[in-house]
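Here, residue 1 is the first one in the sequence, and each next residue gets the next number. Because the structure is a prediction, the values reported are computed rather than measured.
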Amino acid sequence: MGVTTEITHSMGRVIDHLVDQIPGVVGALVSSTDGFVLASHLPAESSTDTAGMGAMTSAAIALSNRLVGTVGESPATVCHHRSDDGQVLILPIAHLAVLTILATPDADAAQLTLVGREASAGLQRLFRGAASV
């Protein structure tokens, strides 16, 4: 499945909305399941290697799927990492891609998860629409 420029712009609008409108969200990116970054909106002051982050988050959700596979057949729905400095949520976009959300340490984790799932569902519709073209 090829990702068109229009799909990439739409992904960018989704993650821009997350960063600009959701309290506590400071960055977001969408990567393919093999780690290729498709769209990103990371903090300007960040020295984060965007390509490296795409690869790590794709690997993290794959590892989460293996871990939860020890207790059942359902894949991971969210991978949530916290530190004193911030939070990282990684959510699958079906089996097609990965959404990563970076947030402040005091951001509401439940709200981040809910918003992340909604964004993931919206991004999934974009991918599905691209596949049917």
So do F127 and M11 actually touch side chain to side chain, heavy atoms under 4.5 Å?
->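 Yes - at least one pair of side-chain heavy atoms lies under 4.5 Å apart.
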
Residues S10 and R13: side-chain donor-acceptor under 3.5 angstrom =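 Yes.
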
Pair D85-S83, side-chain donor/acceptor within less than 3.5 Å |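 On atom types as modelled, these side chains do not qualify, holding no pair under 3.5 Å.
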
Cut-off 3.5 Å, no hydrogens considered: what does the side-chain donor-acceptor table look like for residues 98-111, sequence neighbours left out?
unit_1: T100; atom_1: OG1; unit_2: T57; atom_2: OG1; d: 3.2
unit_1: T104; atom_1: OG1; unit_2: D106; atom_2: OD1; d: 2.8
unit_1: T104; atom_1: OG1; unit_2: A107; atom_2: N; d: 3.4
unit_1: D108; atom_1: OD1; unit_2: A110; atom_2: N; d: 2.9
unit_1: D108; atom_1: OD1; unit_2: Q111; atom_2: N; d: 3.1

On a heavy-atom basis, which atom in [X] and which in [Y] lie closest, and how many Å separate them?
{"X": "L126", "Y": "I7", "answer": "O-CD1, 3.8 Å"}
{"X": "S31", "Y": "G54", "answer": "OG-O, 3.6 Å"}
{"X": "T33", "Y": "A97", "answer": "CG2-N, 3.7 Å"}
{"X": "I61", "Y": "A76", "answer": "CD1-CB, 4.3 Å"}

Spacing of [atom1] belonging to [X] relative to [atom2] belonging to [Y], to within rounding of 0.5 Å:
{"X": "I22", "Y": "L112", "atom1": "CD1", "atom2": "CG", "result": "8.5 Å"}
{"X": "N65", "Y": "T70", "atom1": "CG", "atom2": "OG1", "result": "11.5 Å"}
{"X": "E118", "Y": "L91", "atom1": "CD", "atom2": "CG", "result": "11.5 Å"}

Please tell me whether [X] and [Y] are part of a single hydrophobic cluster in this structure, the criterion being side-chain heavy atoms less than 4.5 Å apart.
{"X": "V37", "Y": "V19", "result": "no"}
{"X": "M56", "Y": "I93", "result": "no"}
{"X": "L18", "Y": "L29", "result": "no"}
{"X": "M53", "Y": "L38", "result": "no"}
{"X": "I15", "Y": "L42", "result": "no"}

Do any N or O atoms from the side chain of S58 and from the backbone of A55 form a donor-acceptor pair under 3.5 angstrom?
->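 Checking the backbone N and O of A55 against the side chain of S58, no donor-acceptor pair under 3.5 Å is found.
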
Got a donor-acceptor contact below 3.5 angstrom from the S64 side chain to the A60 backbone?
->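 Such a contact is found between S64 side chain and A60 backbone.
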
Quick one: side-chain contact (heavy atoms from CB on, under 4.5 Å) partners of A94, sequence neighbours excluded?
->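 Only L96, Q124, R128 meet the side-chain contact (heavy atoms from CB on, under 4.5 Å) criterion with A94.
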
Hey, mind stepping through T50 and S40 against side-chain hydrogen bond (donor to acceptor under 3.5 Å, both in side chains) and telling me if it holds?
-> CA-CA 8 Å; T50 305; S40 68; 4.7 Å; no

Any chance you could lay out the side chain to side chain contact (heavy atoms under 4.5 Å, CB included) test for I90 and H81, step after step, and finish with the verdict?
-> CA-CA 9 Å; I90 307 165; H81 301 277; 4.2 Å; yes

